[in-house]
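Notes follow the structure.
All ligand and atom numbering here is 1-based and tracks the order in the structure.
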Amino acid sequence: MRKKPMRIALLGLGTVGFGVYEFVQARKDMELACALSLVVPEGVTCPIAKNLDEILRDETIDTVVEVIGGLHPAYEFVSSALKAGKNVVTANKLLIAAHYRELVTLAKENGVALRCTAAAGGGIPWLTSLERTAAQEPILRVSGIMNGTTNFILDTMHRSGGSFTDALQEAQRLGYAERDPADDLNGADIRRKLVISSNIAYGCVIDEGEVATEGIEHITGADIAAFKRMNRVCKLIAASRKLENGVAAYIEPALMPPSMPESAIPQNYNLISLTGEHIGKQSFYGQGAGRYPTAYNVLQDCVDIANGVRGFYTDRLEEAHVDNSSVQRQYYVRTNGMDKWLQSHVDKILDCGIITDKVSVTELHNWAKHRRETDPGCFFASLR
Ligand code: HSE
């Protein structure tokens, strides 16, 4: 017997939403029952819902796709849809990272699917690979490049010496950046992806606010020139590892030797790796941002649900605290003077910065937070 087509309500018709719209309209096994959006782009022919209640009351709609982004009203919409017994597919990392335990539990209680593969890694089947691996194998680490916008900016600055602002504008034009690009630049976006990935990998729930986070908003052309002289490539890296008690998790610019695979990642691409106890390191590469890659993963989640997938990627929700004191690295630091702490950790003085001796992630991030009170433009990056 032929399966009934999946009936979808699409919340949001922005960059990703319109991509999902196009994909679904081209399929025979899915129907777009309606869309709900403040702005309806030209060419959209499906019915437009007046409000969410209309969607929740429609028993023929089995799946709600949320691509509005932001916390509100996405949170209210997604939780109401789960409570109403609808499957939910979302690309919203802000929402999932902030309400992880609650939404995963709601999906389980209501016997529906909650999927968010596009929320981390754009078009890469990263979360589904994590899910499959974590079900069989202890995962020890997660790390990599998980933000397309910042990779695009750093890659452009390294290759062409272009300015930070021009590269950011181009990333925005190409639809890579968040609604508020500050979230890309200050590391908030990549932090959310690390939180979701780590939670699934280790079966835990970590608090976003505990993840030490440094973005690339303070990097300058002079820093990039110094890295070239050092024969290093700067990348924004997310990393976590399972500890006996808790998790180490942090975001920071990192200076990679050209031989490391991360150094070669161009444009909006991501490279994300997991390390399993028996399988070792596995890496996943692809476009981490943009309309069609992201919409593709949203669509793939819908296909998985149509094929019977339910719940979330894991239902293990152990509380875990973040502790970065055991992770030690050397750092490049550029600031407008010396202080006592820095003086006691100098390994090498360069033209425009210093290299520290090995210090913990906790210590360095705390020092930089304090240092910014007198030098707001201070920048640092770890040496790999
Ligand atoms: N702003 C995000 C990025 C979009 O640049 O990676 C994809 O999550």
task: Can you pull out the closest protein heavy atom to atom 6 (O) of ligand 1? Residue, atom name and distance to 0.1 Å, please.
output: G148 N, 2.7 Å
message: Is the contact between D183 and ligand 1 made by the side chain, the backbone, both, or neither, using heavy atoms and a 4.0 Å cut-off?
response: neither
- line: Between L168 and the options T150, I153, T156, the side chain to side chain contact (heavy atoms under 4.5 Å, CB included) test singles out I153
- prompt: With atoms numbered from 1 as shown, which atoms in ligand 1 lie under 4.0 angstrom from a non-hydrogen atom of D184?
  reply: 1 (N), 2 (C), 3 (C), 5 (O)
message: Against K93, only a single residue in E66, E178, E208 fulfils salt bridge (Lys or Arg N to Asp or Glu O under 4.0 Å); can you say which?
response: E178
query: Taking the six-membered ring where the residue is Trp, are the ring centres of Y292 and F23 under 6.0 Å apart?
result: yes
Side chain, backbone, both or neither: N147 near ligand 1, heavy atoms under 4.0 Å: both
field: T294 side-chain N/O to V16 backbone N/O, donor-acceptor pair under 3.5 Å
entry: no
Taking atom 5 (O) of ligand 1 as the reference point, the nearest protein heavy atom with its distance: T149 OG1, 2.6 Å
message: Among all the protein's non-hydrogen atoms, which is closest to atom 2 (C) of ligand 1, and how far away is it?
response: E178 OE2, 3.1 Å
query: Which part of A91 is near ligand 1, with near meaning a heavy atom under 4.0 Å away: side chain, backbone, both or neither?
result: neither
- request: Give a yes/no verdict on whether any heavy atom in G288 is under 4.0 Å from an atom of ligand 1.
  value: yes
message: Check for me whether the distance between the ring centres of F312 and Y100 falls short of 6.0 Å.
response: yes
query: Is it true that R384 and E252 make a salt bridge, defined as a side-chain N closer than 4.0 Å to a carboxylate O?
result: yes
Which of the ligand 1 atoms, numbered from 1, are nearer than 4.0 Å to a heavy atom of K193: 2 (C), 3 (C), 6 (O), 7 (C), 8 (O)
field: atom 8 (O) of ligand 1 - nearest protein heavy atom and its distance
entry: K93 NZ, 2.6 Å
- prompt: Relative to the heavy atoms of A177, which atoms of ligand 1 are at a distance of less than 4.0 Å?
  reply: 1 (N)
- prompt: Could R334 and F380 be counted as a cation-pi pair, given that NZ or CZ must be under 6.0 Å from the ring centre and within 45° of the axis?
  reply: no
